[in-house]
Amino acid sequence: MYYLYILTILALLISVFKSPDKTSKAVKIAVKKFINILPAFLSMLILVSIILFLIPDEIILKYLGDKNKFVGITLASFFGSVTLMPGFIAYPLCGILLKKGVTYMVLSAFSTTLMMVGILTYPIEKAYFGIKVTLIRNMFSFFIAIVVALITGIFFGEIG
Amino acid sequence: MFSGNKIKISIFFAYICFVAASFILNFNPGKLIGINFYSFSIEMLKLLPCAFILIGLFEVWVKRKTVEKHLGTESGFRGYLWTILLGGTTVGGLYVAFPIAYSLHSKGAKLSVIFTYIGASAICRVPMTIFEASFMGIKFSLIRLLASVPLVIVTSIVLGNYLTKRKYKVLPGK
């Protein structure tokens, strides 16, 4: 995360050095864009706070270990789609699940949908790209996650 | 449109009142929801100001021609390579990728390239992949990347072409 701060500060310094006028224009654009999208972000935060309360880690932990692989993948991609967590929480959780005997295939479905399918980011995506694109992109992403999970399963010898 | 905004504002106020009341009355579910809201807001506030300042600088300094040349309709396959590199170094998640993709598109990047960018920023982020590999093993990360990146490119091209044919236009002014 720190390299983002360093990059931003460096970029700002170079920009000010080259043209203070353009820099103040850039900051104004940044503020305007941020304010424009704020309502969508608030909607997302409200959704996130409620969904994470309804589906806590323990529930995910409990259901992903299902012996039936089909059920496991289905639940994993469902949880991955409806939750939102940063990578530094998600992967340790996957690591714990792996040690508990959850298959690579199921964890692949979970982590890929988690990163690519955004039901909770729907308000933001819709604000930028419209409902139709948002729906199609998320459906494609869901499909990709399932295919990737199956390929993972084949390579780890978990299918068959 | 106006009534839609009114509904949104009332939902937001109802939500705030609910969380505030939960803290006053010591209602645990409501308190947990409030804490979730707070911790995610903080998480995003760490990233968003930087992301939007970089977007602002990008809009002011980068010429439309440059973006068109490297990521536009004439860019060919290298456009996808660039966009995956860009996605791989994006910090945050989808919520940071959307505004960046939007700016790229308004500067002339073609649709299939920005969808690839969104996909890549979800699955190819370098710090996250390193983190993933350390918990799940390198084999897992490699299989995941090698399987998902081509699929992301293909589906982005399909979606991009479909929308271009339909004369899809991104909403202006966000």
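Lettering follows sequence order; numbering is per chain, from 1. Here the structure is a predicted model, which means the values were calculated and not measured.
For the set B:I9, B:T90, B:I118, B:I35, the count of heavy-atom pairs under 4.5 angstrom toward chain A peaks at B:I118. Of the residues considered (B:I55, B:L32, B:I143, B:I123), B:I143 shows the highest number of contacts with chain A, using heavy-atom pairs under 4.5 Å. Between chain A and the residues B:Y38, B:Y95, B:F37, the most heavy-atom pairs under 4.5 angstrom are made by B:F37. Ranked by heavy-atom pairs under 4.5 Å with chain A, the list B:V154, B:L57, B:V152, B:V170 is led by B:L57. Between chain B and the options A:A145, A:P92, A:S141, heavy-atom pairs under 4.5 Å are most frequent for A:P92. Taking chain A as the reference chain and counting heavy-atom pairs below 4.5 Å, the highest number among B:L163, B:L54, B:V158 is found for B:L54. Contacts with chain A were tallied for B:G56, B:G119, B:P49, B:A51; B:G56 has the most, counting heavy-atom pairs under 4.5 Å. Between chain B and the options A:S49, A:G130, A:A30, the largest number of non-hydrogen pairs under 4.5 Å is found for A:S49. For chain B, the option among A:T112, A:I50, A:L54 with the highest count of heavy-atom pairs below 4.5 Å is A:I50.
Only the side chain of A:V147 comes within contact range of chain B, with at least one heavy atom under 4.5 Å from a heavy atom of that chain. B:P99 touches chain A through backbone and side chain together, each having a heavy atom under 4.5 Å away. For A:L98, the part lying near chain B is the side chain, with the backbone staying farther off; criterion is any non-hydrogen pair under 4.5 Å. B:A97 does not touch chain A: none of its heavy atoms, backbone or side chain, sits under 4.5 Å away. In this structure, chain B has heavy atoms under 4.5 Å from both the backbone and the side chain of A:L107. In this structure, no portion of B:S156 lies under 4.5 Å from any heavy atom of chain A. For A:L12, the parts sitting under 4.5 Å from any heavy atom of chain B are the backbone and the side chain alike. Only the side chain of B:Y168 comes within less than 4.5 Å of a heavy atom of chain A; its backbone N, CA, C and O stay farther away. Within the 4.5 angstrom heavy-atom criterion, atoms from both the backbone and the side chain of B:K139 approach chain A. Using a 4.5 Å cut-off between heavy atoms, A:S19 contacts chain B through both its backbone and its side chain. The part of B:Y162 that comes within reach of chain A is its side chain, from C-beta onward, which places non-hydrogen atoms under 4.5 angstrom from that chain. When heavy atoms are compared at a cutoff of 4.5 Å, B:L159 approaches chain A by way of both its backbone and its side chain. Of the atoms belonging to B:L146, not a single heavy atom falls under 4.5 Å from chain A. Heavy atoms of A:K28 lying under 4.5 Å from chain B are absent altogether. Residue contact with chain B, scored on non-hydrogen atoms closer than 4.5 Å, involves the backbone and the side chain of A:L84 alike. Residue B:E132 touches chain A through both its backbone and its side chain, counting heavy-atom pairs closer than 4.5 Å.
Of all residues spanning residues 61-77 of chain B, those with a heavy atom less than 4.5 Å away from chain A's heavy atoms are B:W61, arranged by number. Contact residues of residues 109-116 of chain B toward chain A are B:I114, B:F115 (heavy-atom distance under 4.5 Å). Residues of residues 12-31 of chain B placed with any heavy atom under 4.5 Å of a heavy atom in chain A are listed by number as B:F12, B:Y15, B:P29.
B:L85 and A:L4 fall within the same hydrophobic cluster, where Ile, Leu, Val, Met, Phe, Trp and Tyr residues are linked whenever their side-chain heavy atoms come under 4.5 Å apart, directly or through other members. Transitive grouping of hydrophobic side chains (ILVMFWY, heavy atoms separated by less than 4.5 Å) brings A:F143 and A:L150 into a common cluster.
A 6.0 Å sphere centred on CG of B:L45 holds more than 12 heavy atoms belonging to other residues, nucleotides or ligands. By the neighbour-count criterion of 12 heavy atoms within 6.0 Å, atom CZ of A:F155 is sparsely surrounded, having that number or fewer from other residues, nucleotides or ligands. By the 6.0 Å contact criterion, CG on A:L7 is enclosed, its count of non-hydrogen atoms from other residues, nucleotides or ligands being greater than 12. Sparse packing is recorded around CZ of A:F78, with 12 or fewer heavy atoms of other residues, nucleotides or ligands lying under 6.0 Å away.
Partners of A:F142 according to the ring pair (Phe, Tyr, Trp, His ring centres under 6.0 Å) rule, which considers only residues two or more places apart in sequence or in another chain, do not exist here.
Separation of atoms CG (B:N36) and CD1 (A:I46) is listed at 13.0 Å; rounding is to 0.5 Å.
Checked against a 6.0 Å centroid threshold, the rings of A:F156 and A:Y104 count as neighbours. In this structure, A:Y128 has its ring center under 6.0 Å from that of B:Y102.
Look at A:K69 and A:E158 and you find no salt bridge, because none of the NZ, NE, NH1 or NH2 atoms lies under 4.0 Å from a carboxylate O.
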